[in-house]
Novice: 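Got a structure here, written out as C-alpha cells. Questions coming.
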Amino acid sequence: MEESTADKPLDFIRSIISEDRTNGKNEGRVHTRFPPEPNGYLHLGHAKSICLNFGVAEEFGGLCNLRLDDTNPAAEKTEYAEAIMADVRWLGFDWEERLHHASDYFDQLFDWAVRLIENGKAFVCDLNFEEMRELRGTLTEPGKPSPFRDRPVEENLDLFQKMKAGEFPEGSKTLRAKIDMASPNLNLRDPVIYRILHKEHPKTGTQWKIYPSYDFAHGQSDSIEGITHSLCTLEFEHHRPLYDWFCENLGIHHPQQIEFARLNLNYTVMSKRKMLRLVTEGHVNGWDDPRMPTLSGMRRRGYTPQAIRAFCDRVGLAKRENVIEMELLEYCLRDDLNRRAERRLGVLNPLKVTLQNYPEDQTEELDAINNPEDPDAGTRKIHFSREILIDRNDFMEDPPKKYFRMAPGREVRLKYAYYVTCKEVIRDESGEISELICSYDPESRGGGTADGRKVKGTIQWVDARTALPCSANLYDRLFSCPNPEENEDGKDFTDFINSGSLEVVTTARVEPSVSAFEPGQPFQLERVGYFCIDTNAVAEAGLVLNRSVALRDSWSKKTQGK
RNA sequence: AGCCUGGUGGUGUAAUGGUAGCACAGGAGUUUUUGGUACUCUCAGUCGGGGUUCGAGUCCCUGCCGGGCUGCCA
C-alpha cells in the first residue's frame, strides 16, 4: 500500500502545510482533526475529509484527532457517535487516545464568553428570531444595532449567568459577539455565540441550559487541542473571519483554517439532510442500504476501505466545485477486488444443460483457480456431473455475428471443465427454452485439448445437483439523472429515484464453497461481478448475495450501442 | 442586488512566465480457459476580449459563467 509520494505533485493544502513546516511555523508541528457532528451517518464526502486529515497528519509526521462536534443536543445522538467511530476505524484510521468532544470544552468556552463580555465584546440580547432577522439587514443593506447592544457589562454578566442557570425560556435571550453590524459578511453582524436550549445533552446531560454556536465552539476547540491546520469545506469560508476574530480577541493559539471543495458524485446525493429524507421517507431501507453513499451502506454493499481510500486519493483536492463520475468509484473497487477477491462460479438465471454422452451416475471433481491475479490464493475443487446449469444469457438460439457463447451446433468451453457442443434445444409447453442437450468432449478435461483446437467462448456453470440456491441483490445507481440535487422547475430530488436501483434475483445458484465466505467478504462470481454475502440478511432468507459492482462488460456495451 | 469565491479535454486533477501532462470515461487493437485483467494506440482542453512580455493556462484590465452567504444548524 505504500506509494511513493515523491513524484506526485502536492495539492494546494499539502503545499501550504509543507511550506509552513519549512518556515518553522508551529515549531514544525502538524496536527489536524476530523470533526463530524454526531447527527447522522458518515458518507463518502466525509471519507474524503477523513483521508485528508488523517493522511496529511501521517505524511507530515503529525497527529489527527477525532472530535465529535456536539454543540447542538437537539439533533445529536449517541447512536450516531458510535457509528461514526466504527466507520472511521473501518476505513483504517486510528485516533489513538485523541477522541474529543466539543462538549469537553463547555466550561472553558463559558469562561471565554465571560471574558468577551468583560472586555465589552459580547452582550446579552433579548431580541427574538424575527426581530433579530429584521435588524440584521440584507445582502445589500447594512444591519441595525440591537437595542441591547450597549447593555452595561455588569448587567450582561448577570444575565448570562442567569441564562446558564436556566432562568429564561428557550429562545428568549442570546449572547452575541459585538463585531460589526455593517459588515458585508453577514456572519460578522453581531453573531449569536450562545443560545438557550433546555435539551438533554448525550454527554453533559442536563447540566447546561445554554450551548455555544458552531462559530464560538469550533475554532476554540481547535485551539485547545493545538490544531495547526483546520481543514474544512468551502461553505465555511465566510466563517473564517469569525474563526480568526475569536482566536485573536481571546488571545489564544490560532490554527489556520483552510477550505477545500467538498466531494460530489453524480447519480447520487451527498448531503446528510437529503439522505435523512431518503431514509425517513422509505425510499431506501435505512442508512446502511447498499445503494446509499454512506460508509455503512457501501460497506454492506461490498466496498472495501482500500477501494474507498484509493478513490479519495484520486478525486483530487482543490477549491473549485466538482462532480466526480461514478465510474471512477467503480474503477477503484474493481481495481482493488481484481487483485484480492477470490473467484467462484455461479449463475443468476439458470438454464439446465444435460450432457447426453456423460455417464448417468458419474461425478467428478475439477480444479479451479481461486484468483488468477494471485497464485498464492491456490486452487479448489468443483463438482461436475451430467446435469449442469449455465446462465440463460450465455445461450442464444439465433446469435448475432461475433457472439461466441453457446448456440445450436456451437462448441464452447465450460470454465475449468470440458468443451461442450449444443445438440438440441428443449422447450416447455409455453414455448420457453427449458433445457439444452449437449455433448461433451472427454478429451477436453480441464478446458483444453491436445489438438489445440480453438474454442473462443468460455462460460461459467454450476453442477445442478450440488449448487446452492441463493438470492442476489443487483444494485444500480440510486438516481436516474446525473445531478438529482439540481432540481429543475420545482422538482424534488426524490422524483429522480431510479426505480430499477434494486433488482432482486431469487433464482441464482452458486458453487457450495460460496457459503464459506464471511458475510461482507468480497468475492467474484466469474463473468458476473463482485459480490458479498449480505451482513444483515436474516437466517430464514437463506443465502443472500449483494452485488458490489458488475464486471466491465465490453460485449454488452458494444451490443447496446447498436 | 452587495460581498466572498472559483473557471484547463466528457469528468477530475497537474503544469508556480518557457514542449499543456496524468487518471477515469470514450474509441481501436494485442493477449487471454472471465467479452474480466494486463498491454498498445487513439479521440479530446486553457471561458471571451484587450494588455504586459522574446514568450501567458500562469501577470494586469474587462466582460461572461458557476458556487457560497440574509439559522439562536454544522
Side-chain angles (χ1 to χ4, degrees), chain A residues 8-11 15 35-37 39-40 69 71-72 74-76 102 125 127-129 132-134 136-143 170-176 183-187 189 191-197 210-211 213-215 217-218 232-241 259 261 266 272-273 314-332 334-335 338-339 343 345 368-369 372-373 402-405 413-417 419 444 446-448 455-460 482 524-529 550-559:
Chain A
K8 224 166 89 181
L10 299 180
D11 55 68
S15 301
E37 184 190 11
N39 69 341
D69 207 352
T71 55
N72 184 5
E76 296 150 9
C125 183
L127 258 29
N128 63 29
F129 284 93
M132 202 181 291
R133 171 151 35 87
E134 274 168 35
R136 185 153 35 226
T138 67
L139 265 11
T140 51
E141 305 155 17
E170 281 193 15
S172 62
K173 282 180 170 41
T174 57
L175 183 71
R176 296 223 256 162
S183 171
N185 181 344
L186 297 263
N187 293 132
R189 321 248 261 226
V192 169
I193 60 177
Y194 262 96
R195 71 286 210 195
I196 300 171
L197 240 35
I210 55 173
Y211 292 93
S213 64
Y214 166 85
D215 288 310
H218 202 94
C232 63
T233 45
L234 251 27
E235 65 268 28
F236 293 101
E237 215 159 7
H238 307 263
H239 292 255
R240 179 160 25 100
E259 310 86 14
N266 63 12
K272 268 193 222 173
R273 261 149 137 102
R314 282 169 181 264
V315 292
L317 189 68
K319 292 192 84 129
R320 81 180 80 129
E321 303 284 335
N322 62 82
V323 182
I324 308 291
E325 291 176 329
M326 185 70 84
E327 285 81 356
L328 180 62
L329 215 213
E330 296 182 338
Y331 167 81
C332 290
R334 291 193 191 106
D335 187 48
N338 174 52
R339 282 172 288 185
R343 317 287 137 120
L345 301 185
I369 294 167
E373 305 295 320
K402 296 270 189 76
Y403 181 88
F404 39 80
R405 279 110 101 150
R413 172 166 39 236
L414 297 179
K415 179 111 186 175
Y416 299 132
Y419 291 174
S444 63
V455 172
K456 185 78 172 160
T458 301
I459 62 176
Q460 83 280 16
Q524 182 195 112
L525 288 183
E526 295 213 36
R527 303 210 312 132
V528 183
L551 254 32
R552 275 189 59 196
D553 186 353
S554 53
W555 169 247
S556 75
K557 201 178 286 170
K558 197 184 290 181
T559 51

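These numbers come from a predicted model, not from an experiment. Values below: every heavy atom of this structure, side chains too, minus hydrogens, waters and symmetry copies. Every chain is numbered from 1 and lettered A, B, ... according to where its sequence line falls, protein lines coming before strand lines.
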Novice: Taking a pair as Watson-Crick or G-U wobble with both distances under 3.5 Å, which nucleotide is matched to B:rG2?
Specialist: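 Partner of B:rG2: B:rC69.
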Novice: What I want to check is whether an N or O donor and acceptor connect the side chain of A:Arg273 with the base of B:rG71 at under 3.5 Å.
Specialist: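 Answer is yes: a donor-acceptor pair is held.
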Novice: For atom C1', what is the distance between B:rC43 and B:rA23, given to the nearest Å?
Specialist: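 My reading of the C1' atoms in B:rC43 and B:rA23 gives 16 Å.
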Novice: Using a heavy-atom cut-off of under 4.0 Å over every strand shown, decide if A:Arg314 touches base, sugar-phosphate, or nothing.
Specialist: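 Sugar-phosphate contact only.
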Novice: Regarding A:Asn185, tell me which of base, sugar-phosphate or nothing describes its non-hydrogen contacts under 4.0 Å with the strands shown.
Specialist: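 Nothing, no nucleic acid heavy atom in range.
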Novice: Mind checking whether A:Phe404 and A:Trp555 have parallel, tilted or perpendicular rings, split at 30° and 60°?
Specialist: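 Aromatic pair A:Phe404/A:Trp555 classed tilted.
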Novice: For nucleotides B:rG12 and B:rC72, find the distance between their C1' atoms and express it as a whole number of Å.
Specialist: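 Result for the C1' pair: 39 Å, nearest Å.
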Novice: Looking for any heavy atom pair under 4.0 Å, which part of the strands does A:Gly316 touch: base, sugar-phosphate only, or nothing?
Specialist: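 Sugar-phosphate, no base atom in range.
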Novice: Students often get this wrong, so: under 4.0 angstrom with heavy atoms, is A:Arg405 touching a base, only sugar-phosphate, or nothing?
Specialist: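 The answer is base, as A:Arg405 lies within the cut-off (heavy atoms under 4.0 Å) of a base atom.
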Novice: Could you tell me whether A:Tyr194 contacts a base, only the sugar-phosphate backbone, or nothing, with contacts defined as non-hydrogen atoms closer than 4.0 Å?
Specialist: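 If one applies the 4.0 Å heavy-atom cut-off, A:Tyr194 turns out to touch nothing in the nucleic acid.
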Novice: What is the nucleic acid contact for A:Thr174, judged by heavy atoms within less than 4.0 Å: base, sugar-phosphate only, or nothing?
Specialist: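 Here A:Thr174 touches the bases of the nucleic acid.
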Novice: Scan A:Arg343, A:Arg527, A:Glu526 and name whichever one has a side chain to side chain donor-acceptor pair (under 3.5 Å) with A:Gln460.
Specialist: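 Checked A:Arg343, A:Arg527, A:Glu526 against A:Gln460; only one passes side chain to side chain donor-acceptor pair (under 3.5 Å): A:Arg527.
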